[in-house]
Amino acid sequence: MSPDEWQAHVTTEAALAMGRWLESRGRLDRPIASLTRRDLECMASNAISRFIVLASERRTAAPDAEERSVLDLLLMG
């Protein structure tokens, strides 16, 4: 998977994590403007957690040293 394909994959996975969180709390009929700061923080936490898992997996399987270095900076920076 190229870096661009991986970025698109990670973005999709983060969006899915946010969607799962929204579905788990119910009340999907409410407008997004009604979300509280805590709601937004929970969504962000889920998306970040998913990114960390995917980036860790990608770092282990990264095809070249440059990409591993970039992922090291993102994960440990």
Side-chain angles (χ1 to χ4, degrees):
M1 181 181 308
S2 75
D4 288 341
E5 291 170 328
W6 184 78
Q7 177 63 42
H9 172 69
V10 169
T11 300
T12 298
E13 287 293 318
L16 289 171
M18 291 168 57
R20 283 190 293 272
W21 183 84
L22 284 168
E23 286 178 346
S24 73
R25 66 186 276 285
R27 301 181 314 214
L28 291 175
D29 57 324
R30 291 178 34 198
I32 199 148
S34 69
L35 294 174
T36 65
R37 180 178 174 172
R38 177 76 180 132
D39 292 334
L40 297 172
E41 289 171 350
C42 287
M43 286 174 43
S45 178
N46 281 318
I48 291 166
S49 295
R50 187 65 182 138
F51 170 80
I52 290 170
V53 168
L54 292 171
S56 296
E57 291 171 353
R58 178 71 176 183
R59 195 256 175 246
T60 301
D64 61 50
E66 183 179 343
E67 187 174 356
R68 282 192 301 274
S69 293
V70 169
L71 291 169
D72 285 345
L73 287 173
L74 289 171
L75 292 168
M76 297 175 213

Transitive ILVMFWY side-chain link [X] to [Y], under 4.5 Å:
X: Ile48; Y: Trp6; answer: yes
X: Val53; Y: Met76; answer: no
X: Leu16; Y: Phe51; answer: no

List the residues meeting side chain to side chain contact (heavy atoms under 4.5 Å, CB included) with [X], not counting sequence neighbours, and say none if there are none.
X: Glu23; value: Leu28
X: Asp64; value: Glu66, Glu67
X: Thr60; value: none
X: Arg25; value: Trp21, Leu22, Arg27, Arg30, Leu35, Asp39

**Request:** Verify side chain to side chain contact (heavy atoms under 4.5 Å, CB included) between Arg20 and Asn46, making sure each step is shown before the conclusion.
**Result:** CA-CA 9 Å; Arg20 283 190 293 272; Asn46 281 318; over 6 Å; no
**Prompt:** In chain order, what residues pass the side-chain hydrogen bond (donor to acceptor under 3.5 Å, both in side chains) check against Thr11, with sequence neighbours excluded?
**Reply:** Gln7
Gap separating the [atom1] atom of [X] from the [atom2] atom of [Y], nearest 0.5 angstrom:
X: Cys42; Y: Met18; atom1: SG; atom2: CE; value: 11.5 Å
X: Arg68; Y: Leu73; atom1: CZ; atom2: CG; value: 13.5 Å
X: Met43; Y: Ile32; atom1: CE; atom2: CD1; value: 5.0 Å

**Request:** Enumerate the residue pairs fulfilling salt bridge (charged side-chain N to carboxylate O under 4.0 Å, His left out) with a member in residues 40-55, sequence neighbours excluded, ordered by first and then second residue.
**Result:** Glu13-Arg50, Arg37-Glu41
